[in-house]
Every structure is written in structure tokens, then in C-alpha cells.
Amino acid sequence: MSSAAEQEAVRDGSRGEARPATVVERRGPSVWPGTPTPLGARCRVGPDGVAGTNFALWAGGAEAVDLCLFDADGNETRLPLTELTHEIWHGFVPGVGAGRRYGYRVHGRWDPWTGARWNPAKLLLDPYARAVDGDFALPPEVYGHVRDWPQQQVADTVRDERDSAPHVPKGVVVRDDGPDEWMDDRRPKTPWPDSVIYELHVKGFTRLHPGIPERLRGTYAGLAHPAAIEHLVSLGVTAVELLPVHQFAHEDHLLRRGLRNYWGYNSIGYFAPHAGYSASGSAGGQVGEFKRMVRALHEAGIEVILDVVYNHTAEAGELGPTLSLKGIDNRGYYRLQSDARRYADYTGCGNTLHVVQPQVLRLITDSLRYWVTEMGVDGFRFDLAAALARSMHDVDMLSPFLAVIAQDPVLRRVKLIAEPWDVGDGGYQVGAFPPLWTEWNDRYRDAVRDFWRGALPDVRDLGYRLSGSSDLYAWGGRRPYASVNFVTAHDGFTLRDLVTYERKHNEDNGEGNRDGTDDNRAWNCGAEGESDDPAVGALRLRQLRNLLTTLLLSTGVPMLVAGDEMGRTQGGNNNAYCQDNETSWLDWSLPEDPGRRGLLDLTRRLLDLRHRHPVLRRRAFFSGRPQAADGLRDLAWFTVDGEEMTEGDWYARATTLGLYLSGRDIPGRDARGAQITDDSFLAILHAGALPVDHLLPGPPWAEAYELVLDTSLGDQTRAPGTVYRGAERVRVEARSVMLLRVQE
């Protein structure tokens, strides 16, 4: 801790005007008053019919704001914005149109001990910039403080006077589209119960696809290509969930190791499509390219959901760079500790946006509405959503953020998915988000993984997860589709690695294999890593089929990760956030691997089955009570002996579970008001190492059963369509799933 004298010396020596590295001519276009709304840079027609751009920036507490315009050669013209309305600095610049690059310099006190970090030597990205030109490098000039100050205890308190403009991207003025741009777009509007989510990375999904032209691979245009869309349509998914596409920056520690941020969870521009995924360049063309991608997916019946990161930004903590919000109003945008030099960190990324502040809440909701109304997207998955739901300290389901979303006429109508946790105290909130919200259900993931690796102490938790997690979501009008079920996600092992590795292998990340979770709940089937043993390979394929089948037969909304349907591997890396290479990109070489082709075929069959049978897409929870005079329930559970499970059976360490789904009387009605009915099914999940002879429930449950699928593929005489009598014993192979349709 520095002395009071040291603090005062740093303060006194840092309040003066920062001098840029080069003298910039201040003469340039005149600045008319303009308007304080909308925020950002908007092309418009000003007084007397003069075309130009209105610039508006909220900078609470700032003493002055310079608009900085850049020509094609990088020459900068600074224009002071002298109009101030409700802490918004604004001005209209005639003659400035679409394609002009710009940024801001914000003047004010430098007093980190009180959270004030204004530094006009740093060019700042407009938080409302709708396109960004250039990439983020992190040389010393982009830091508001002197990085190499000899007294480390006050390193972040000494202001750096060097000009950052040559080293940072600029915002780009983007022309507004006409009001009819989306008139002919037909949003799929897939109901939640019918949804199947496919999590993908724009670059990773398209980078190696042989059917996409080389110049389009890795881009929004590549994802819009018919070859990419054909895979999605043939698979049967209804929505793509795109890993972050907001403009993001690469962390300094990655750049120093020659790596880059691949996943994109390091946002810095909440209105701008990430320019690195654009085939149209970064001068504004990325905006139109993104819109065309959305339109192409909509035409194929596929919704677009964005994974969004509003909980933190790329500016990190007090030792991070000054790129945008930190230099506009550090105290207004970020949560600070009682020691205002330090940032409250509920995200593990150095900072947390202060969402209870009205202007921060406005930034987030303006961004969300923009992506819906002007970019055409259909929903959002909120990274570390619990951080957004914090009021002053604790997670609060009546927080301003959740309240605003609930009443917003645009946002309450789109798909809202919470990652219902953060890294702070009390941050784990699975099952706690209010109606309108669905949630990533990691308890589903853990229970299914543990069952198939033989680690569940009993089957109570598994029963809840397979049937919609009513213990978590049957309150406040929530439905089974509040649970987004997943076995894998971008963060962690791929599905193939889950059955190939038990330990993470993250050495290529350059962090000594310390990064990534150690709680993988994985089983390598007897050998760590790839194996030439045919028995190990066959078992792994069976386990892949078991996990996929379990996921796609469960009640709730299933989420697949791109490539899992084709057995994609990351070589055991369970934290590939910095692997922008073949480790993360999808391998499309299916013809060389019959096992992977079979996995893809099975996924298509399961999704087709789910689409055709509403009993697998229930809109209401099972009651477990008799639904008819014959005493049949809508949901029943059976032991290997064909008996209904008792209370004691749920506490037993069982490896076999029979699940009966009745389609006789499904709650809800079709579009014409008719009662929904369907076939009934019996699913038998057997995780044991040896085969079992399972007694099929007889009348009144069923007179006979027809085999729909068997993941063992071991007995070719039991092809789909094979019929078994009720009360007959059927051989269930080791570690396999059988699905049977009831014959009336």
C-alpha cells in the first residue's frame, strides 16, 4: 500500500492535459448541436436538408469530449463536442457519412483511488459503434496507466501519456437500412417445446467445410452457404446458438504466447458483428453480411440465437487496457470495490459491468433490441447470467435487469436462455430464474454423465433429469422447456473426448495444464486417449450412441454441440478457448470413418423421431398419476424385473432404468383445439457392464412392443421393427439403450 504522500504526488502530477505523441490539427468540419438521441453514430439529414452524421456519447462525470475522425490514410481530426444534455455529449457533423472511421477522447480527472481513470491520450471505441475496423493488439500505449512503473504497488495509478490511436481499432459509421428491410423475412418462431438447439462457432463450423468456397470459410457468408445450411436442415435442428459474435479483443497473456481468443468471450463492442468473421471486410460490410446470414437461416426454418457476454468486457481489471468504457466513465460502467482502485469481479475476468446503473442497463437493453429489430436474431443465451441479476451484491431475481427484460415489448418475446451461475458468492442459481427464462441445466449434464460412467449413487436425480427436472422448474408457471438439457457444451470435453479421456490435456494452452476443470465426470472406456484396441473403440462408439440417445429422448430442450454428431475430438483439451486451429475446427471427413457416419445417421433418426412424436416434446410436466380408468399413468418407471419402482428402488444403486412415456392423453391441444395424442414408448437404459434380461411390462401397459432402436448394434436379428410380447423377457446388451413403441 502506498503512502498518502505517494498517492497525492501521483494525483497532482496526473491531472494536467495529456499531450498526444503528435500534434493533431483541430480545424475541420463544423459541428452543429445535433441531438442526444439516439446514442452512437447515426447517418441522418440535418437542418436545411444537409446530410451528415449525429454523434452522441454518454460520459457521466467527464469534463470534455473530443470526437476523432479518421481519413483513409489514418489522419486524425479532433472535433470538440460542446453540447451536453443529461450527461450525453452530442453533435451533428455535416458531410460525414457511412464508412467514416471514428473514436472518442474523453477528458476528466485522473484519480484511480476514487475510480476516476479519464485519460484523453487514449482513443476510445464508441460503445454504440455498429461496426469496428481493425483488430486489438495490446502494446503499452493502449493502457491508461504506465505498465512499467517501478513501484508496483501503485503501478495502475500513474497515467500513461502516449497516444493509443495508432494501435486501436476505430468505430465505423454505418448507414441505417430502410424500414422495409425485414418485411419479407419470415422468422421461424419455433415454440420452445419443439426447439432443438445446435451450439456452433461461426469460424469453427465453416473453416474446413469442403462444400464452402475457400474465400467464404470461417465467415458469416460461409454459414449462410447452402452447403452449411444443408447439414443443419438434414440434421433436424431448429436453432443455431452462435458463440459470441460481438466484437471482441484478444487477451494480452494470449498474444504474448502467440495465441488468440477463439471462443470470443471477451467483448468490447456490443453492437458490432465481429469483423474477423466477415468476408466483406471491416469497413461496415460485416453488418450486411451478418443480416444476409440470418435471412438465409430463417429461410431454412432455423432460428439464430446469440451467446452474449454482458457481464464483463475486454478491459479486465485495474491492470487491464483502456479501450472504451474504462476511459468513458470507469465509475459509471463497472462495479468497484470499497477501495475504488479495485474492481468487483463476479466473472473471473477482472471486471463486472454495473448493471444496476441506469446507463449500463440502457446500453445492454439497447444492444439486445438492436440485434432483434435491426439484425434479425431470435434470442440470446446470456453468459454468466447470475452476474447480470445481482443488485448491489447478491443475486436478486427482482433485479433491475430481469425486471426490464420482463416488461420490454421486444425482448420478452424472444428466446431467453440463462447460464444460471457466476463465480461470486451465491452465484449458483440453477432453477431460480423467473418465467420467460430457460436455463442451461448442468445438473442434467452431471447426472447423465455419471449414470453412463457408473458413478451415480442412486437414480433419484436421473429420474428428475430425464423427465424435465420438475424439482427445479415446476413453479411459477414454468414448464419442462425451461430446462435446456445438454451433455456437452463448448466449455469442456467434446462428446467423443468424454468417452476417450478422463483427464484434461490442455498443454497446448500454455498454462501448464492448470486451466480448465478437473471435474470432467468422464470415462475413457479403459484406455486414456486414442486406442487401436477394437474392443475399446466399439465400446466408445456405443457410449457415444447412449449419450446422444439419452439426450434426445429426454423431456426438455436438447442442445447439441456442433461436431458431436460426427465424433469431433479436441485431443482431450477441455478448455480450447485459445485454440483457433484444427483442434477446434470441425473435421468434415466423414466418408473415411463409418463409425462417425453411423453416429450422424443416429442423430438424424433421433431428431426425426422427436419431431414426429409430441410425447417426447411435452409442454407440461408429467403428473405421475393415473390418467384413465385402466390405471395407467402418463409416466412410469420400471425395474429390470418389469415391476414399477418403489420408493426404495429410487435409493438403490441401479444400473438399469425403464421409462414408460404414455401418449394417450398429453396435456395441451393442437392448433385446432383437438386433444393431442401419440404413441406410447418404453425406453430401457442399461449402464451395466454385463447384459441383462429385462421383463417388459405386460397388460395394461402393453400387449406388445415394437423395437425402434437399439444402441448396442450387437444383435443383427433385432432390427428395428422386431416385435416383443408384453411380459416377455428381452436381452438388453451391456451399456446400451433400447427404445420400444407400444403396440395397441
Side-chain angles (χ1 to χ4, degrees), residues 451-452 459 462-463 466-467 542 545-546 548-555 601-602 604-618 622 624 626-646 649 654-666 676-688 690-744:
F451 176 73
W452 285 111
V459 290
L462 182 66
L466 298 178
S467 59
R542 184 179 299 185
R545 293 192 291 266
N546 292 337
L548 276 172
T549 301
T550 304
L551 173 64
L552 297 178
L553 295 181
S554 297
T555 301
D601 291 341
L602 175 64
R604 288 170 171 160
R605 286 178 56 203
L606 286 165
L607 285 175
D608 178 67
L609 188 74
R610 188 179 182 91
H611 174 73
R612 289 187 289 108
H613 290 285
V615 72
L616 302 176
R617 300 179 280 107
R618 288 179 59 98
F622 296 98
Q627 301 293 302
D630 56 13
L632 294 185
R633 285 176 286 281
D634 56 0
L635 173 69
W637 304 89
F638 290 91
T639 68
V640 70
D641 294 321
E643 301 290 335
E644 284 196 72
M645 291 179 65
T646 65
D649 292 325
T655 59
T656 308
L657 190 64
L659 168 61
Y660 185 97
L661 304 171
S662 174
R664 287 187 172 189
D665 193 12
I666 301 173
I676 299 174
T677 59
D678 192 15
D679 294 329
S680 297
F681 291 90
L682 176 68
I684 302 172
L685 286 71
H686 175 51
L690 299 173
V692 295
D693 292 325
H694 195 291
L695 183 67
L696 301 177
W701 299 101
E703 294 288 343
Y705 298 87
E706 176 190 0
L707 181 65
V708 177
L709 64 87
D710 180 354
T711 64
S712 72
L713 300 182
D715 186 349
Q716 297 303 315
T717 64
R718 294 197 311 189
T722 302
V723 176
Y724 301 95
R725 297 185 307 277
E728 177 183 348
R729 287 198 177 271
V730 60
R731 172 62 58 95
V732 181
E733 299 296 334
R735 298 190 175 97
S736 67
V737 180
M738 290 183 68
L739 181 67
L740 304 109
R741 181 187 291 110
V742 171
Q743 289 196 328
E744 300 293 343

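Note that the structure is predicted; figures quoted are calculated from it, not measured.
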### Message
One pair to check against side-chain contact (heavy atoms from CB on, under 4.5 Å): Asp601 and Arg604. What are the steps and the verdict?
### Response
CA-CA 5 Å; Asp601 291 341; Arg604 288 170 171 160; 4.0 Å; yes
Compare all side-chain heavy atoms of [X] with those of [Y] and state whether any distance is below 4.5 angstrom.
X	Y	value
Val742	Tyr705	yes
Leu609	Val708	yes
Ser712	Arg731	no
Phe622	Thr555	yes
Phe638	Glu643	no
Asp641	Arg729	yes
Asp678	Leu661	no
Val615	Asp679	no

### Between Ser736 and His686: side-chain donor-acceptor atoms closer than 3.5 Å
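Side-chain D/A pair, Ser736 to His686: absent.
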Do side-chain atoms of [X] reach the backbone of [Y] as a donor and acceptor pair under 3.5 angstrom?
X	Y	value
Arg735	Trp452	no
Tyr660	Trp701	yes
Arg610	Leu552	yes
Thr677	Arg664	no
Thr722	Leu707	no

Minimal non-hydrogen separation, [X] against [Y], with atom names:
X	Y	answer
Ala683	Leu739	CB-CD1, 4.0 Å
Arg612	Pro614	O-CD, 3.6 Å
Ala654	Val459	O-CG1, 3.9 Å
Ala636	Glu644	CB-OE1, 4.1 Å

How long is the span from the [atom1] atom in [X] to the [atom2] atom in [Y], to the nearest 0.5 Å?
X	Y	atom1	atom2	answer
Glu733	Met738	CD	CE	9.0 Å
Leu709	Leu606	CG	CG	5.5 Å
Leu602	Thr711	CG	OG1	8.0 Å
Asn546	Leu685	CG	CG	7.5 Å
Phe681	Leu740	CZ	CG	10.0 Å

### Task
Could you check Asp649, Val640, Leu466, Thr639 and say which one makes a side-chain contact (heavy atoms from CB on, under 4.5 Å) with Leu657?
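Only match with Leu657 under side-chain contact (heavy atoms from CB on, under 4.5 Å): Leu466.
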### Message
Salt bridge or not between Arg542 and Asp710? Use side-chain N to carboxylate O under 4.0 Å.
### Response
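So Arg542 does not pair with Asp710 through a salt bridge.
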### Query
Mind checking what makes side-chain contact (heavy atoms from CB on, under 4.5 Å) contact with Glu728, not counting sequence neighbours?
Tyr724, Arg725
